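Since this is a predicted model, take the numbers as computed values, not measurements. Chain letters run A, B, ... following the sequence lines, proteins first, then strands; residues in each count from 1.
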Protein chains: 2
Amino acid sequence: MKIGALASRSGVPVKTLRYYEELGLLPAIGRSEGGYRLFDEDSLPRLEFIRRLKALGLSLEEIQSCLAVHDAGELPCHDIQVMLNHQIERIDARMKELHQLRGELQGLLADWQNDPTKQGGVICPNLKV
Amino acid sequence: MKIGALASRSGVPVKTLRYYEELGLLPAIGRSEGGYRLFDEDSLPRLEFIRRLKALGLSLEEIQSCLAVHDAGELPCHDIQVMLNHQIERIDARMKELHQLRGELQGLLADWQNDPTKQGGVICPNLKV
DNA sequence: TTAGAGTCTCCTGATGAGTGGAGAGTCAAG
DNA sequence: CTTGACTCTCCACTCATCAGGAGACTCTAA
């Protein structure tokens with residue numbers, strides 16, 4: 001299967017497939033006489049796997065290390081578990097930050113609403129026209 | 001005031017000041033005979049303003065458009081309000097996404113815990129060793 | 001006068017995950 | 001044999017926000 005066929009069957013753009021191959025995420029089984037990359041059927045579930053882990057917020061680098069474990073002959077489920085746990089921790093930290101930021105923004109806007117004469121109190125005070 | 005003095009008084013690195021000046025966020029009042037950028041005292045509250053809006057998660061581009069309104073002779077408080085509202089909306093959307101993602105991850109991990117024989121059920125099924 | 005500190009412009013790189021295009025080569029059908 | 005679709009490599013660019021360094025110039029203090 002050449003790259004275009006894999007692209008249309010998987011829905012992943014040709015450019016992206018080449019990029020994945022370059023990163024080592026998606027090995028080609030070889031090249032044709034003319035130098036075209038050749039992929040086998042296994043590329044399809046592999047791309048699906050990549051897609052799923054990407055959708056879960058894992059980076060290509062993390063996905064690659066999962067696949068490396070897999071390619072070493074071991075199902076990477078344990079590693080995936082570990083990474084998913086890390087990912088949950090990251091999400092919690094990010095949500096906490098966002099929550100705090102949102103509170104700050106909300107407070108500023110509330111002050112503005114309650115006392116329009118403040119004209120931006122903490123934000124604009126030193127900025128003169 | 002030369003760029004180094006502004007850097008030490010504001011705490012903003014020289015490189016960053018040059019970058020801001022290049023973007024038009026922080027106009028220099030001119031150049032010395034030797035070609036050195038010269039800044040006035042107004043640069044300090046301006047940098048403080050930039051710092052505050054940055055801390056609130058606004059991009060330099062958004063800050064620049066606030067400053068453009070300000071420089072046109074109008075206090076940009078209304079525009080800032082509008083942008084802060086947008087920012088809150090963005091945060092809400094992002095938090096919703098993260099919440100959903102977290103739920104998915106948590107669910108996957110819970111399945112794994114409850115039934116280790118699944119070995120990754122929805123994630124690894126098509127990936128054969 | 002000289003040393004050293006400060007500043008200038010320009011170039012490169014870093015992060016992540018690609019996208020776009022140029023120019024050349026390959027392949028299959030008519 | 002030709003045409004058009006496909007693919008190749010290589011390079012630049014995207015988004016944001018700078019950081020690092022080279023090589024040259026300017027300014028200040030002793």
TODO: By nearest nucleotide on DNA chain C, pick out whichever of A:Glu61 and B:Arg31 is the more 5' one.
DONE: B:Arg31
Open item on the list: Go nucleotide by nucleotide along DNA chain C from the 5' end; which of B:Gly4 and A:Pro13 gets its closest nucleotide reached first?
Closed with: B:Gly4
Task: Heavy-atom donor-acceptor pair, B:Lys15 side-chain to D:dG21 base, under 3.5 Å - done: yes
Open item on the list: Would the base of C:dG25 count as contacting A:Tyr36 through its side chain, where contact means a donor and an acceptor less than 3.5 Å apart?
Closed with: yes
Task: C:dT12 versus D:dC13 - spacing of their C1' atoms, nearest Å - done: 15 Å
TODO: Nearest-nucleotide wise, let me know which of A:Lys2 and B:Glu33 is further upstream toward the 5' end of DNA chain D.
DONE: A:Lys2
Task: Whichever of B:Gly35 and B:Ser59 has its nearest DNA chain D nucleotide further upstream toward 5' - done: B:Ser59
Open item on the list: Just the rounded figure in Å: distance from C1' of D:dT9 to CZ of A:Arg18.
Closed with: 9 Å
Open item on the list: In whole Å, I'd like the distance from the OH atom of B:Tyr20 to the C1' atom of D:dC18.
Closed with: 8 Å
TODO: Report which part of the nucleic acid B:Leu60 touches: base, sugar-phosphate, or nothing (heavy-atom distance under 4.0 Å, all strands).
DONE: sugar-phosphate
Open item on the list: Can you tell whether the side chains of A:Arg46 and A:Glu41 come within less than 4.0 Å, N to carboxylate O?
Closed with: no
- [ ] Output yes when A:Glu21 and A:Arg18 qualify as a salt bridge under the 4.0 Å nitrogen-oxygen rule, no when they do not.
- [x] no
- [ ] Using a cut-off of strictly less than 4.0 Å, decide whether A:Thr16 has a side-chain nitrogen or oxygen near OP1 or OP2 of C:dA17.
- [x] no
